[in-house]
Engineer: 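Once you've had a glance at the structure underneath, I'll fire off some questions.
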Amino acid sequence: MKTHITHLRFGGDNCFVIEKDGHAVLVDTGRKATRERLLSALRPWNIKLILLTHGHFDHAYNAAFLAREFGAVVALHEADAALVRDNRIHTIDSRGLLGYFIKKASLANINRTHIEPFVPAFYLRGGQDLGCFGIDAQIIELPGHTAGSVGIIVGKKCIVGDTLMNMGGISRARIAEDFRAVSRSVESLKRTGAEVFYPGHGGPVSRKQLLKLFV
Ligand SMILES: [Zn+2]
Ligand SMILES: [Zn+2]
């Protein structure tokens, strides 16, 4: 069987299951309100690894809980290891009116959300191959939205976290720790050869849409 991605949507938030031959890896864990729906959606799979595209609450909130439920381990990039313990420690900038509102809503959430701590089993880094977890996938570093943002390349598909957004139109990250780094990461995405990109929020983005948007 080929490695397959299942896209799980909870309102505007996305989680993904990457599976091959009974091996399953969860990418991102949603926010507080998503917990029960995500847990029941995940019942068909035997999740052994939980990857976080970055340390924000709307991706990391349920990591510790799901790790316990499934007996899974959690991994993220080392540059987000402190951020995931406290989302308030890094400053976020915004771009555009929508970015302004996203930042405002995010900061309000950050201030009232406590992410249950967990100890990462290992750290993700660029070029890392996930073959030892039974799936054909590689990690790509995408710093900018957060310093430790990563994507996961699965054949011609790529999960990109919040480096891209598809809410109110396709765009690069509308909030970020470093927008210049976001631009470089979008360039890295173009070089992957992937045909479909899955953002952390909203529907998938085709390669054609990505190239058209950012030339
Ligand atoms: Zn984020
Ligand atoms: Zn997000």
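Note: hydrogens, waters and symmetry copies are ignored here, and every other heavy atom, side chains too, is used.
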Engineer: Report all side-chain donor-acceptor pairs from residues 28-37 shorter than 3.5 Å, counting only partners two or more places apart or in another chain.
Structural biologist:
{"residue": "D28", "atom": "OD1", "partner": "T53", "partner atom": "N", "Å": "2.9"}
{"residue": "D28", "atom": "OD1", "partner": "T53", "partner atom": "OG1", "Å": "3.2"}
{"residue": "D28", "atom": "OD2", "partner": "T53", "partner atom": "OG1", "Å": "2.8"}
{"residue": "D28", "atom": "OD2", "partner": "H59", "partner atom": "ND1", "Å": "2.9"}
{"residue": "T29", "atom": "OG1", "partner": "H59", "partner atom": "O", "Å": "2.7"}
{"residue": "T29", "atom": "OG1", "partner": "N62", "partner atom": "N", "Å": "3.1"}
{"residue": "T29", "atom": "OG1", "partner": "A63", "partner atom": "N", "Å": "3.3"}
{"residue": "R31", "atom": "NE", "partner": "D13", "partner atom": "OD2", "Å": "2.6"}
{"residue": "R31", "atom": "NH2", "partner": "D13", "partner atom": "OD1", "Å": "3.1"}
{"residue": "R31", "atom": "NH2", "partner": "D13", "partner atom": "OD2", "Å": "3.2"}
{"residue": "T34", "atom": "OG1", "partner": "R31", "partner atom": "N", "Å": "3.4"}
{"residue": "T34", "atom": "OG1", "partner": "R31", "partner atom": "O", "Å": "3.4"}
{"residue": "R35", "atom": "NE", "partner": "N62", "partner atom": "OD1", "Å": "2.8"}
{"residue": "R35", "atom": "NH2", "partner": "N62", "partner atom": "OD1", "Å": "3.4"}

Engineer: Under the salt bridge (charged side-chain N to carboxylate O under 4.0 Å, His left out) test, which residues partner K103, sequence neighbours left out?
Structural biologist: none
Engineer: Find the distance between CZ (R112) and CZ (F57) and round it off to the nearest 0.5 Å.
Structural biologist: 8.0 Å
Engineer: Check for me, please, whether F16 and L66 land in the same ILVMFWY cluster - side-chain distances under 4.5 Å, paths through other members count.
Structural biologist: no
Engineer: Donor-acceptor pair, distance only, cut-off 3.5 Å: does the side chain of K48 make one with the backbone of F70?
Structural biologist: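 Answer holds: yes.
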Engineer: If Ile, Leu, Val, Met, Phe, Trp and Tyr residues are connected whenever their side-chain heavy atoms lie under 4.5 Å apart, and connections chain through other members, are L98 and I170 in the same group?
Structural biologist: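 No, L98 does not connect to I170 through the hydrophobic network.
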Engineer: Quick one: does any side-chain atom of R174 pair with a main-chain N or O of S94 as donor and acceptor, under 3.5 Å?
Structural biologist: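 Absent.
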Engineer: What pairs meet the ring-ring contact (aromatic ring centres under 6.0 Å, His included) rule with one or both residues in residues 99-123, with sequence neighbours excluded?
Structural biologist: F122-F133
Engineer: Tell me whether E177 contacts the main-chain N or O of G144 through its side chain, where contact means a donor paired with an acceptor under 3.5 Å.
Structural biologist: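 Side chain of E177 to backbone of G144: no pair is present.
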Engineer: Restricting to side chain to side chain donor-acceptor pair (under 3.5 Å), what partner residues turn up for S183, sequence neighbours left out?
Structural biologist: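 Partners of S183 by the side chain to side chain donor-acceptor pair (under 3.5 Å) criterion, ordered by chain and then number, come out as R172.
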Engineer: Measuring from atom CE of M1 to atom CD1 of I135, what distance do you get when rounded to the nearest 0.5 angstrom?
Structural biologist: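 Here the interatomic distance stands at 11.0 Å.
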Engineer: Please check: side-chain N/O of T192 versus main-chain N/O of S188, any donor-acceptor pairing under 3.5 Å?
Structural biologist: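 Looks like no, no N/O pair under 3.5 Å.
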Engineer: Once side chain to side chain donor-acceptor pair (under 3.5 Å) is applied, do any residues pair with S206, and if so which ones, sequence neighbours excluded?
Structural biologist: Q209
Engineer: Are L142 and I92 connected, step by step, through hydrophobic side chains (Ile, Leu, Val, Met, Phe, Trp, Tyr) whose heavy atoms are closer than 4.5 Å?
Structural biologist: no
Engineer: I want to check something: taking the side chain as every heavy atom from C-beta on, are N14 and L8 in contact at a cut-off of under 4.5 Å?
Structural biologist: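 No, side chains not in contact.
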Engineer: Please identify each residue that fulfils salt bridge (charged side-chain N to carboxylate O under 4.0 Å, His left out) with R88, with sequence neighbours left out.
Structural biologist: D86
Engineer: Per the side chain to side chain donor-acceptor pair (under 3.5 Å) rule, what does the pair list look like for residues 124-148, sequence neighbours excluded?
Structural biologist: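 Every side chain to side chain donor-acceptor pair (under 3.5 Å) pair that includes a residue of residues 124-148, provided the two are not neighbours, is T3-D136, K20-D136, H54-H145, H56-H145, H77-E141, D80-T146, D129-Q138, H145-D162, T146-S149.
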Engineer: Salt-bridge test for K190 and E187: reply yes if a basic N is under 4.0 Å from a carboxylate O, no otherwise.
Structural biologist: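 Yes.
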Engineer: Restricting to side chain to side chain donor-acceptor pair (under 3.5 Å), what partner residues turn up for K104, sequence neighbours left out?
Structural biologist: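 Scan of K104 (side chain to side chain donor-acceptor pair (under 3.5 Å), adjacent residues dropped) gives none.
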Engineer: Under the salt bridge (charged side-chain N to carboxylate O under 4.0 Å, His left out) test, which residues partner R68, sequence neighbours left out?
Structural biologist: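 E116.
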Engineer: Is the shortest side-chain heavy-atom distance between I139 and I152 below 4.5 Å?
Structural biologist: yes
Engineer: Kindly compute the distance separating CG (L51) from CG (L26), expressed to the nearest 0.5 Å.
Structural biologist: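 It comes to 8.0 Å.
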Engineer: Who are the side chain to side chain contact (heavy atoms under 4.5 Å, CB included) partners of R85, not counting sequence neighbours?
Structural biologist: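 R85: side chain to side chain contact (heavy atoms under 4.5 Å, CB included) contacts with A82.
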Engineer: When rounded to the nearest 0.5 angstrom, what distance separates CG in L130 from CG in L49?
Structural biologist: 6.5 Å
Engineer: Give me the atom names and distance for the closest heavy-atom approach of A24 to V17.
Structural biologist: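 That would be CB-CG1, 4.1 Å.
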Engineer: Quick one: are I159 and I5 in side-chain contact, heavy atoms under 4.5 Å?
Structural biologist: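 Yes, close enough: below the 4.5 Å cut-off.
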Engineer: Could you give the distance from CG (L52) to CG (L76), rounded to the nearest 0.5 Å?
Structural biologist: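 The CG atom of L76 is 5.5 Å from CG of L52, to the nearest 0.5 Å.
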Engineer: Taking salt bridge (charged side-chain N to carboxylate O under 4.0 Å, His left out) as the definition, give me every residue that meets it alongside E195, ordered by chain and number, with sequence neighbours left out.
Structural biologist: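 Testing E195 for salt bridge (charged side-chain N to carboxylate O under 4.0 Å, His left out), a comparison that skips the adjacent residues, returns none.
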Engineer: For a salt bridge (charged side-chain N to carboxylate O under 4.0 Å, His left out) check, start with the C-alpha distance between R43 and E69, then their side-chain angles and the critical distance, and finish with the verdict.
Structural biologist: CA-CA 10 Å; R43 284 296 176 208; E69 285 290 316; 3.5 Å; yes
Engineer: If the condition is side chain to side chain contact (heavy atoms under 4.5 Å, CB included), which residues does S106 pass it with, not counting sequence neighbours?
Structural biologist: I102, I175
Engineer: Mark yes or no for whether N166, through its side chain, and P199, through its backbone, hold a donor-acceptor pair below 3.5 Å.
Structural biologist: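 Checking the backbone N and O of P199 against the side chain of N166, no donor-acceptor pair under 3.5 Å is found.
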